[in-house]
Amino acid sequence: MISNTQIRQLSEVAKVGNLKISSLNLSVSESALNMCIIRAEKELGVTLFSRNNHSLIITESSKSVFDLFERLLNIYKELEEKLAEIRNGHAGPLRLAIQDSVAPYISPKLYHNLTKESNLKCAFTQCDCASLVKRLIDGEVEFGILLKGNKPAGFREKLLYADEMVGYLSPSYAEKGGFNPRHIVSEKAIIMSETQNHRKSHQIDVEKSLFEGFNYDSLMRYVDLIEGYTLVPKMQMAYMNEEQRTRVRPILETCYQKRHVCIVYRKKRGHEQEYFLNLLTETIGDIVKIQQLKDEKLL
């Protein structure tokens with residue numbers, strides 16, 4: 001069965017009748033939205049739209065399907081409101097910490113997607129792995145997003161996604177050469193921590209800088225500025241321009257080829273925890289899925 005996200009996207013296309021405008025309204029690429037339509041039609045076994053130049057028109061036979069979609073969306077909305085009531089009965093907002101080597105790739109989209117359509121209050125923080133684990137143990141945050149294998153005792157770990165890693169070189173570094181894909185731990189190789197220190201020393205409003213200002217583009221600009229290189233998920237190549245992609249190199253050092261990103265939380269049961277866990281898992285899954293769709297088209 002197709003997901004709530006797919007139903008929302010299909011309904012938006014049906015309402016607007018134009019792929020480009022719909023993609024802008026939904027903040028997804030046209031290719032991702034087109035893929036959503038193709039996959040939904042294949043999964044449902046019906047043709048949902050007829051194409052006329054740049055317009056998409058609901059087929060006569062699918063009108064009843066979209067009527068059901070509308071009813072489902074209303075049910076989802078009612079469910080969200082009911083869960084919000086349950087959530088508001090507990091103290092505090094969603095408190096989440098993200099490991100600094102993961103945050104630039106998912107934090108801005110995650111923060112935006114969690115807050116854009118609801119009154120959900122999010123208290124996000126970014127820190128290194130050791131600090132994140134301590135925050136979890138001390139109860140300062142309920143959830144942590146970090147690399148696999150770092151969960152403390154008494155906590156659960158759930159895999160969110162896996163990243164295949166590549167090296168991104170600044171123009172001057174690419175020109176000089178010397179990048180060794182088998183030995184990446186060398187001068188200026190691990191640049192992520194330097195980038196985070198740069199952000200902290202130049203921004204006062206941590207939340208604004210991290211979840212609105214400091215994002216993937218900021219990372220690339222900083223890497224170019226200090227003439228080094230960084231490690232990035234291969235999925236991020238979809239967001240690079242043509243010139244940047246020429247400076248991407250494979251990584252052969254086994255321990256850096258792939259990383260597994262997990263969500264870690266305390267072993268306990270409750271409506272609030274289940275709600276936030278499902279919400280985070282689904283939202284991050286949607287972010288990664290869209291990136292992968294872009295990457296598939298690109299590569």
Side-chain angles (χ1 to χ4, degrees), residues 94-111 113-114 122-168 181-185 189-196 210-211 215-216 219 229-239 248 250-269 273-293 295-296:
L94 167 58
R95 298 185 299 171
L96 172 71
I98 307 178
Q99 189 170 339
D100 53 12
S101 59
V102 176
Y105 308 112
I106 64 170
S107 293
K109 292 186 182 67
L110 180 60
Y111 187 78
N113 290 357
L114 286 177
C122 299
F124 280 24
T125 187
Q126 173 184 318
C127 51
D128 59 41
C129 183
S131 299
L132 195 157
V133 169
K134 185 176 186 305
R135 286 172 182 267
L136 283 167
I137 293 172
D138 293 345
E140 294 179 18
V141 295
E142 286 88 19
F143 298 93
I145 295 176
L146 66 168
L147 299 184
K148 185 178 180 181
N150 292 295
K151 74 177 180 69
F155 284 76
R156 298 182 185 275
E157 182 180 71
K158 180 178 181 180
L159 179 66
L160 292 172
Y161 63 95
D163 278 336
E164 183 180 348
M165 305 300 288
V166 295
Y168 169 79
R182 295 186 183 276
H183 301 287
I184 65 169
V185 184
I190 308 302
I191 216 163
M192 184 68 70
S193 59
E194 296 178 27
T195 309
Q196 301 310 320
L210 176 58
F211 303 110
N215 53 29
Y216 173 73
L219 175 63
Y229 71 92
T230 188
L231 310 182
V232 298
K234 191 174 181 180
M235 289 185 296
Q236 294 295 334
M237 287 181 64
Y239 297 95
V248 169
I251 293 174
L252 303 181
E253 182 71 47
T254 307
C255 65
Y256 288 102
Q257 283 179 337
K258 182 170 282 191
R259 65 179 188 178
H260 296 84
V261 179
C262 300
I263 185 166
V264 173
Y265 54 99
R266 193 177 293 277
K267 293 180 180 178
K268 66 178 183 180
R269 291 184 177 275
Q273 187 191 48
E274 288 297 322
Y275 173 78
F276 285 143
L277 181 62
N278 292 335
L279 182 63
L280 285 167
T281 303
E282 181 179 350
T283 305
I284 293 173
D286 287 341
I287 291 170
V288 173
K289 192 184 302 178
I290 290 170
Q291 290 175 330
Q292 286 173 333
L293 286 174
D295 194 40
E296 287 169 9

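Side chains are part of it too, since the values below use all heavy atoms of this structure and drop only hydrogens, waters and symmetry mates.
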Check: residues 145-153 side-chain donor-acceptor pairs under 3.5 Å, at least two apart:
{"unit_1": "Asn150", "atom_1": "ND2", "unit_2": "Leu147", "atom_2": "O", "d": "2.9"}
{"unit_1": "Lys151", "atom_1": "NZ", "unit_2": "Phe155", "atom_2": "O", "d": "3.3"}

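- Interatomic distance, CZ of Arg95 versus OG1 of Thr125, reported as 11.5 Å (0.5 Å rounding).
- Side-chain contact between Leu110 and Ile98 is present, with at least one heavy-atom pair separated by less than 4.5 Å.
- Listed here is the closest heavy atom pair of Arg266 and Gly139: NH2-N, 4.4 Å.
- Within the model, atoms OG of Ser131 and CD of Gln99 stand 10.0 Å from one another, a figure rounded to the nearest 0.5 Å.
- Residues satisfying the salt bridge (charged side-chain N to carboxylate O under 4.0 Å, His left out) test with Glu140, not counting sequence neighbours, are Arg135.
- Between Phe143 and Tyr265, the ring planes lie tilted relative to each other; the angle falls in the 30° to 60° range.
- Heavy-atom minimum distance, His260 versus Ala162: CD2-CB, 3.7 Å.
- The closest donor-acceptor contact from the side chain of Arg156 to the backbone of Ile263 lies at 3.5 Å or more, if one exists at all.
- Expressed to the nearest 0.5 Å, how far NZ of Lys258 lies from CG of Asp163 amounts to 9.5 Å.
- Residues forming a side chain to side chain donor-acceptor pair (under 3.5 Å) with Thr281 (at least two apart in sequence, or on another chain): none.
- Here CE of Met165 is found 12.5 Å from NZ of Lys234. Values are rounded to the nearest 0.5 Å.
- Counting only heavy atoms from C-beta outward, the side chains of Cys262 and Leu159 approach each other to under 4.5 Å.
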